[in-house]
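Read through the structure below, which is laid out as structure tokens, and then see the notes.
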Amino acid sequence: MTMRAVVRGVGHYLPTRVVENAEFEAMPDLDTTDEWIKTRSGIERRHFATDGDTTSSMAAAAARAALADAAMSADDIDAVVLATSTADLTFPSAATMVQSALGMTRGFAFDVQAVCAGFVYALANANALIISGQARRVLVIGAETFSKIMDWTDRSTCVLFGDGAGALVLEAEDGAGTSADRGILATDLNSDGRYRDLLYVDGGVSTGTSGYLRMQGNQVFRHAVEKLASTAHTAMDRAGVTADEVDWIVPHQANIRIIQGTAKKMNIPMDQVVVTVQDHGNTSAASIPLAMSVGRARGQLKDGDLIVTEAIGGGLAWGAVVLRW
Ligand code: ACO
């Protein structure tokens, strides 16, 4: 017998404010076009938080949707693991705010900060909690309010990001220890702090401001396809599965060209890739659970499907998870 962390439910929340590329095009000082944004990134629109939305409120809304999908209540949950780089406050964690918003009075909650790779890191942590017996049912959430760290005069970043949240409910289940089991089959995590200057926020406790996102996009791009394909292959090898067995890739949604390049390197056709970047932009740690929730609603991710999910972000930090839904 092998303990597996099996997906029981999924859900998401998107703020009501939708911003089309045309809105950026209409800002004369920004000097950008719908055509540039679409061709270079694949993004057509994104959602931005409105006054009532914070990272923790969006996370709680996604968590409620995932709990409803799992036919569970907050009382059933032992732990909340929330991936975010845009927590409401420096502390307490956004995860404990979600715990309280859900009315949970037991268990434990903490944030994971690995920027755009955050949800993959959170899944790996939740999996470790489950297989070590620390928790049986874990809410794993990705939630971000990147609109709060955008420099609205920097056209090379402000058109790329969006806000939102997605959540999964994972539950312990005995498996046979083979790749036919449901649940998380393998994980692979990596980081390399030598690349910190490629993608960072220029604020924090050392500056007394929350700061703005700074990115050398073309440099990050160069690392992305190679590192994503490599981590996906490592996780697939650990899971004992090959590309022809994979039903879906659910990639981090940063740029359609990165998504296409990685799928090609993995020998998996684009009609087996869940793509939401056109509608959400890059929502950092929220992008994968958002894509899973939307993909599930579209009928793309079915019970028993073999799924590879991969992400890279600031750090650089990157990783992949192989799971059977
Ligand atoms: N509108 C018009 N022109 C623009 C815009 C814009 N919005 N932004 C940049 N440009 C210009 C640049 O100034 C540059 O002009 P120049 O050639 O005269 O200097 C030109 O377009 C090309 O710029 P590049 O940055 O080389 O364009 P590229 O094809 O690399 O696309 C992009 C840029 C979309 C940012 C791409 O590099 C990318 O997606 N990178 C990876 C992003 C990513 O995955 N990040 C990791 C996750 S995010 C996280 O962890 C928070």
Side-chain angles (χ1 to χ4, degrees), residues 19-46 55 83-87 112-122 142-164 190-193 195-204 210-229 231 251-262 275 277-278 280-288 290-291 309-319:
V19 174
E20 302 284 339
N21 290 347
E23 250 188 72
F24 290 110
E25 192 169 287
M27 293 162 70
D29 294 342
L30 206 56
D31 191 20
T32 191
T33 59
D34 172 46
E35 182 60 22
W36 190 96
I37 302 169
K38 258 197 315 224
T39 330
R40 296 293 181 117
S41 73
I43 298 165
E44 296 172 29
R45 61 193 64 81
R46 73 288 290 142
T55 292
T84 189
S85 304
T86 49
V112 168
Q113 209 275 49
V115 201
C116 294
F119 194 75
V120 165
Y121 272 63
E144 300 280 17
T145 321
F146 264 48
S147 61
K148 302 283 187 203
I149 52 166
M150 286 298 112
D151 173 354
W152 299 107
T153 64
D154 177 8
R155 66 177 184 174
S156 72
T157 53
C158 73
V159 302
L160 300 175
F161 293 89
D163 301 334
N190 311 268
S191 65
D192 190 337
Y195 298 117
R196 56 164 269 177
D197 292 340
L198 298 188
L199 179 50
Y200 64 98
V201 171
D202 62 4
S210 49
Y212 297 110
L213 182 144
R214 306 294 175 203
M215 177 166 76
Q216 295 178 40
N218 49 9
Q219 299 295 321
V220 176
F221 197 105
R222 255 175 234 151
H223 286 280
V225 172
E226 185 217 315
K227 287 185 166 45
L228 289 171
T231 186
H252 170 47
Q253 311 281 322
N255 184 313
I256 190 67
R257 293 184 293 142
I258 295 175
I259 293 172
Q260 288 163 339
T262 308
V275 179
V277 69
Q278 69 282 2
H280 302 162
N282 182 346
T283 58
S284 190
S287 96
I288 287 172
L290 259 168
T309 187
E310 27 85 350
I312 186 166
L316 294 176
W318 67 101

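All ligand and atom numbering here is 1-based and tracks the order in the structure. Every heavy atom of this structure was used, including side-chain atoms; hydrogens, water molecules and symmetry mates were not.
- Environment of CD in Glu226: sparse, with no more than 12 heavy atoms of neighbouring residues, nucleotides or ligands closer than 6.0 Å.
- In terms of protein heavy-atom proximity, atom 23 (O) of ligand 1 is closest to Arg40 NH1, 4.2 Å.
- Residue, atom and distance of the protein heavy atom nearest to atom 26 (O) of ligand 1 are Asn218 ND2, 3.4 Å.
- Here is the list of ligand 1 atoms found below 4.0 Å of a heavy atom in Phe221: 36 (C), 37 (O), 38 (C), 39 (O), 40 (N), 41 (C).
- Distances below 4.0 Å separate heavy atoms of Thr32 from the following atoms of ligand 1: 1 (N), 2 (C), 6 (C), 7 (N).
- In this structure, the protein non-hydrogen atom closest to atom 35 (C) of ligand 1 is Leu160 CD1, 3.6 Å.
- A salt bridge links Asp151 with Arg214: the closest approach of a Lys/Arg side-chain nitrogen to an acidic carboxylate oxygen falls below 4.0 angstrom.
- Rounded to the nearest 0.5 angstrom, Leu199 CG and Gln219 CD are separated by 12.0 Å.
- A side chain to side chain donor-acceptor pair (under 3.5 Å) with Ser287 is found for one member of Gln253, His280, Glu144, His252 and no other, namely His252.
- Phe24 does not count as a contact of ligand 1, since none of its heavy atoms falls under 4.0 Å from the ligand.
- Protein heavy atoms are absent from the 4.0 Å sphere centred on atom 17 (O) of ligand 1.
- Set against the non-hydrogen atoms of Met215, the atoms of ligand 1 under 4.0 Å away are 42 (C), 45 (N).
- Short contacts between ligand 1 and Gly314, defined as distances under 4.0 Å to a heavy atom of the residue, involve ligand atoms 50 (O).
- Protein heavy atom nearest atom 8 (N) of ligand 1, with residue, atom name and distance: Trp36 CH2, 3.3 Å.
- For the pair Glu310/Thr262, a side-chain contact is recorded, criterion being any heavy-atom separation below 4.5 Å from C-beta on.
- In terms of the side chain to side chain contact (heavy atoms under 4.5 Å, CB included) criterion, residue partners of Leu160 (sequence neighbours excluded) are, by chain and number, Ser41, Ile43, Met215.
- When Tyr212, Phe146, Phe24 are each tested for a ring-ring contact (aromatic ring centres under 6.0 Å, His included) with Phe161, only one passes: Phe146.
- Proximity to Asn255 (heavy-atom distance under 4.0 Å) selects the following atoms of ligand 1: 34 (C), 36 (C), 38 (C), 39 (O).
- Thr145 pairs in a side chain to side chain donor-acceptor pair (under 3.5 Å) with only one of the listed residues (Thr283, Thr55, Thr84, Asp163), which is Thr55.
- Taking a cut-off of under 4.0 Å to the non-hydrogen atoms of Ile258, the atoms of ligand 1 that pass are 41 (C), 44 (O).
- Given atom 51 (C) of ligand 1, the protein heavy atom at minimum distance is Cys116 SG, 3.1 Å.
- In this structure, Lys148 and Thr86 have side chains that are not in contact, with every pair of non-hydrogen atoms separated by 4.5 Å or more.
- To the nearest 0.5 Å, the span separating CZ on Arg155 from CG on Asp31 amounts to 5.0 Å.
- Contact record, Ala285 with Phe119: O-CB, 3.4 Å, taken as the closest heavy-atom pair.
- Taking 4.5 Å as the limit, every side-chain heavy atom of Asp192 sits out of range of all side-chain heavy atoms of His223.
- From the protein, the heavy atom lying nearest to atom 31 (O) of ligand 1 is Arg257 NH2, 3.3 Å.
- Summary of contacts: the protein heavy atom closest to atom 41 (C) of ligand 1 is Gly217 O, 3.6 Å.
- Looking at ligand 1, you won't find any N or O of Val220 less than 3.5 Å from one of its N or O atoms.
- Shown in contact with Ile312 at under 4.0 Å from a heavy atom are these atoms of ligand 1, numbered in order with element: 46 (C), 47 (C).
- Where the criterion is an N or O separation shorter than 3.5 Å, residue side chain and backbone included, Ser284 fails it with respect to ligand 1.
- Remark: minimum distance from atom 13 (O) of ligand 1 to any protein heavy atom is reached at Arg155 NH2, 3.1 Å.
- The distance from ligand 1 to the heavy atoms of Gly313 drops below 4.0 Å at these ligand atoms: 50 (O).
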